[in-house]
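These numbers come from a predicted model, not from an experiment. Starting from 1, each residue takes its place in the sequence as its number. Quick note: numbers below take in every heavy atom, side chains included, and nothing from hydrogens, waters or symmetry partners.
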Amino acid sequence: MRRRVLALCLAALLAAAGCSGSGGKSASVVVTTNILGDITRAVVGDQAEVTVLMKPNADPHSFGISAQQAAQVERAGLIVYNGLGLEEGMLRTVHTAEENGVPALPAGDRANPISFAGNKPDPHFWTDPARVRDVVKAIADEVVAHVGGVDEAVVRANAERYRGEIDALDRTMTEKFGGIRPERRKLVTNHHVFGYLAQRYGFEVVGAVIPGGTTLASPSSSDLKALADTVRAAGVPVVFADSSQPDRLARVLAEQAGLHVAVTPLFSESLSEPGQGAATYLEMMRANTESITTGLTRS
């Protein structure tokens, strides 16, 4: 009788291990930010569970996770995260999971990153669709390699279909931005987010209200004055503020510049709730393209 009970227990344990996928691989993907989460879901489709830690309209620099979410990270078949210092509030959790053997993809490393002043990598690669196209392939490769139970042919077909949608987005952005006069292709934002977009589509980043690449920094009065002088000299007609951040600093800059400078929100670092204009990566980029084009072509 004891042998029969032991055999049943062993069978139950083996079955539980098998539930995670072939070869004991976990059939789950955990993604830190909601932009990367949407891109990952497009690649994975119905092949595995995708958990996105960052809620809509959140700030990737400061969001944190619960103990339950940290446990999901530790049990993941694959972690997809930015990798260029973006998720400042949860990098320790990701690195601990990596040290414990959880496969992880630092997506930004696959996007040929550019640097801020001071040679720090710029984590905002998603503003350039061509770089996202490369990241999509990297996600597909890692999902196939590490996530249990997925059909490789389906994952790769999903990735190719989505890469085609990104190509169409790139063509639309090129066409829309092509209607902006060269002297108007100047960007002032809440903080440095659009370096990749500027490089791809021929814009000049005049400056940002918050210095550096993180919303956790604060501008000094001298920073604001210097940027206001730059705005005045450049004749910039609009300041673009992140939709998930209060635009108070941008309005202060507009007042200090002594100019009639519009403040226009962009979905720069977070997706929105459905129905709010940026529920997916593709929707977010189209909305931003329209806002930038409208803002810089107004008389």
Under-4.0 Å salt bridge between R161 and E165: no

Does R185 pair with E204 as a salt bridge, N-O distance under 4.0 Å? no

Can you check whether A58's main-chain N or O pairs, donor with acceptor, with S270's side chain at less than 3.5 Å? yes

Flag side-chain contact, heavy atom, 4.5 Å: V80 against T32: no

Common cluster, L91/L105, ILVMFWY with side-chain heavy-atom separation under 4.5 Å: no

Does E183 CD have over 12 foreign heavy atoms under 6.0 Å away? yes

The salt bridge (charged side-chain N to carboxylate O under 4.0 Å, His left out) partner of D170 among R286, K176, R200 is R200

Less than 6.0 angstrom separating the ring centers of F177 and F203, yes or no? yes

Counting N and O atoms only, with roles assigned by atom type, does the side chain of Y196 sit under 3.5 Å from a partner on the main chain of I114, one being a donor and the other an acceptor? yes

Any side-chain heavy atom of V29 within less than 4.5 Å of one from E49? no

Pairwise side-chain contact, L84 with D122, heavy-atom cut-off 4.5 Å (strictly under): no

Is any side-chain heavy atom of Q72 less than 4.5 Å from a side-chain heavy atom of S28? no

After noting the C-alpha distance and the side-chain angles of Q276 and N57, does the key distance pass the side-chain hydrogen bond (donor to acceptor under 3.5 Å, both in side chains) rule? CA-CA 10 Å; Q276 294 182 353; N57 300 315; 3.2 Å; yes

Which pairs of donor and acceptor atoms, one on a side chain in residues 129-138, lie under 3.5 Å apart (sequence neighbours left out)?
| unit_1 | atom_1 | unit_2 | atom_2 | d |
| --- | --- | --- | --- | --- |
| R131 | NE | A111 | O | 2.8 |
| R131 | NE | N112 | O | 3.2 |
| R131 | NH1 | D128 | OD2 | 2.8 |
| R131 | NH2 | N112 | O | 3.1 |
| R131 | NH2 | Q199 | OE1 | 3.4 |
| R133 | NE | D167 | OD1 | 2.8 |
| R133 | NE | D167 | OD2 | 3.2 |
| R133 | NH2 | D167 | OD2 | 3.4 |
| K137 | NZ | D141 | OD2 | 3.1 |

Using a cut-off of 6.0 Å, state whether more than 12 heavy atoms not belonging to E175 lie near its atom CD. no

What residues, two or more places apart in sequence or in another chain, satisfy side chain to side chain donor-acceptor pair (under 3.5 Å) together with R163? E160

Quick check against the 3.5 Å criterion: does Q69 have a side-chain atom that pairs as donor or acceptor with the backbone of S66? yes

Establish whether V31 and L282 are linked, either directly or via other cluster members, by ILVMFWY side-chain heavy-atom contacts under 4.5 Å. yes

Quick one: side chain to side chain donor-acceptor pair (under 3.5 Å) pairs with a partner in residues 75-84, sequence neighbours left out? Y81-E98

Between the side chain of H124 and the main-chain N/O of H192, is any donor-acceptor distance below 3.5 Å? yes

Can a donor-acceptor pair be found, under 3.5 Å and without considering hydrogens, that links the side chain of W126 to the backbone of S268? yes

Examine distances only and state if a side-chain atom of Y162 and a backbone atom of R41 form a donor-acceptor pair shorter than 3.5 Å. no

